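Basis for what follows: all heavy atoms, side chains included, without hydrogens, waters or symmetry-related copies. Just so you know, residue 1 is the first one in the sequence shown, and it goes up from there. The shown structure was predicted, so the numbers you read here are calculated from the model rather than taken from an experiment.
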Amino acid sequence: MAGIVVLGIDPGSQCTGYGLVREVSGQAELVEAGCIRTKTGQDMALRLAAIHAGLAALIAAHGPAEAAMESVFTAKNVKSAITLGQARGAALAACGAAGLAVAGYAPMEVKKSLVGAGRAEKSQVAFMVARVLGMKGATWPTDASDALAVAVCHLNHRRMQRLTGARP
């Protein structure tokens with residue numbers, strides 16, 4: 001099947017959400033979505049290796065052309081920010097090792113792209129992701145839904161660039 005496949009990633013040290021979306025003739029469709037879960041209490045190096053290996057396997061299986069991830073993250077404290085940054089690094093490394101460029105989007109940009117409001121609730125984003133993918137009523141884990149939202153945002157951004165002739 002022709003079209004472009006985009007891998008959306010919502011990194012986390014305990015659960016890294018992923019969403020693969022294919023766009024064919026302007027129509028987005030779900031390829032696969034889920035979470036890579038690591039073991040709580042496990043050494044951080046092993047958790048990061050699991051995230052890297054899980055994403056590398058997805059990339060090998062589905063051959064996405066591009067990847068997208070939130071560019072800015074928030075955390076409750078410095079330790080959380082460092083841990084989240086490490087998970088993000090493992091995800092970036094998996095994409096880089098496969099030769100995938102990774103586009104970054106601010107959380108408000110992702111929400112605005114799908115819902116029309118940058119301060120939308122996660123439930124509103126999940127609802128719109130299901131609608132865009134033609135899967136009304138579908139539910140995914142929050143991390144997977146967030147990853148799908150980033151992938152759809154990236155496809156919207158690509159489409160707008162093509163229409164306006166803008167360069168990234």
Side-chain angles (χ1 to χ4, degrees), residues 4-22 28-111 113-114 118-130 132-133 135 138-155 157:
I4 183 170
V5 176
V6 171
L7 170 62
I9 304 168
D10 180 33
S13 64
Q14 294 181 3
C15 179
T16 291
Y18 65 87
L20 289 139
V21 178
R22 176 182 291 114
E29 62 183 38
L30 175 69
V31 175
E32 184 178 336
C35 293
I36 299 165
R37 297 194 185 275
T38 62
K39 295 178 184 171
T40 303
Q42 188 177 40
D43 182 74
M44 183 54 77
L46 297 175
R47 293 168 91 173
L48 296 174
I51 293 166
H52 185 280
L55 289 172
L58 285 166
I59 292 166
H62 297 287
E66 298 173 12
M69 191 180 325
E70 285 186 354
S71 60
V72 181
F73 58 86
T74 58
K76 295 177 183 173
N77 57 51
V78 174
K79 185 178 178 186
S80 295
I82 290 170
T83 301
L84 188 54
Q86 290 171 327
R88 192 172 191 276
L92 286 168
C95 292
L100 287 180
V102 181
Y105 298 95
M108 288 182 71
E109 185 177 4
V110 173
K111 291 175 180 180
S113 173
L114 276 116
R119 298 205 185 276
E121 297 291 324
K122 283 188 178 279
S123 61
Q124 293 173 298
V125 174
F127 174 83
M128 287 306 296
V129 165
V132 167
L133 297 177
M135 303 193 64
T139 58
W140 298 278
T142 302
D143 299 292
S145 179
D146 288 350
L148 287 166
V150 174
V152 171
C153 173
H154 181 67
L155 288 169
H157 188 75

Self-check item: Side-chain heavy atoms of His62 within contact of Tyr18, under 4.5 Å
Solution: no
Practice problem: Mind checking side-chain hydrogen bond (donor to acceptor under 3.5 Å, both in side chains) for Glu121 and listing every partner two or more places apart, or none if nothing turns up? | Solution: none
Self-check item: From Met135 atom CE to Glu29 atom CD, the distance as rounded to the nearest 0.5 Å
Solution: 10.5 Å
Quiz item: How many angstroms lie between atom CG of Leu58 and atom SG of Cys95, to the nearest 0.5 angstrom?
Solution: 10.0 Å
Quiz item: Would a distance-only check, ignoring hydrogens and angles, find a side-chain to backbone donor-acceptor pair under 3.5 Å from Thr83 to Lys79?
Solution: yes
Quiz prompt | Point-to-point distance, once rounded to the nearest 0.5 Å, from CG of Leu20 to CD of Glu32 | solution = 6.5 Å
Quiz item: Just wondering, do Val150 and Asp10 contact through their side chains at under 4.5 Å, heavy atoms?
Solution: no
Quiz item: Any sub-3.5 Å donor-acceptor pair from Ser145's side-chain atoms to Pro141's backbone N or O?
Solution: no
Quiz item: Atom NE2 of His52 and atom CG of Leu92: how far apart are they, to the nearest 0.5 Å?
Solution: 10.0 Å
Quiz item: Which heavy atom of Ile51 sits nearest a heavy atom of Ala90, and at what distance?
Solution: CG2-CB, 4.1 Å
Practice problem: List the atom of Ile9, the atom of Ala91, and the distance in Å for their closest heavy-atom pair. | Solution: CG2-CB, 4.0 Å
Self-check item: Residue of the set Ile59, Val21, Val31, Val6 for which side-chain contact (heavy atoms from CB on, under 4.5 Å) holds with Pro64
Solution: Ile59
Self-check item: Non-neighbouring partners of Ser13 that pass side-chain hydrogen bond (donor to acceptor under 3.5 Å, both in side chains), sequence neighbours left out
Solution: none
Practice problem: Identify the heavy atoms of Asp143 and Cys35 that sit nearest to each other, and give their distance. | Solution: CB-SG, 3.9 Å
Quiz item: Side chains of Met128 and Ser113: closer than 4.5 Å at any heavy-atom pair?
Solution: no
Quiz prompt | Atom pair CD (Gln14) and CG (Leu84), whose distance is rounded to the nearest 0.5 Å | solution = 11.0 Å
Self-check item: Least distance between heavy atoms, Ala147 atom then Gly19 atom
Solution: CB-N, 3.6 Å
Quiz prompt | Spacing of Met44 atom CE and Thr38 atom OG1 [to the nearest 0.5 Å] | solution = 7.5 Å
Exercise. Sorted by first residue and then second, give each salt bridge (charged side-chain N to carboxylate O under 4.0 Å, His left out) pair with at least one member in residues 58-68; sequence neighbours left out.
Key: Glu66-Arg158
Exercise. Taking Arg88 for its side chain and Glu70 for its backbone only, find out whether a donor-acceptor pair lies under 3.5 Å.
Key: yes
Self-check item: Ala138 to Ala130 - nearest heavy-atom pair and separation
Solution: O-CB, 4.2 Å
Quiz prompt | Nearest non-hydrogen partners of Leu155 and Ile4, listed with the distance | solution = CD2-CG2, 3.9 Å
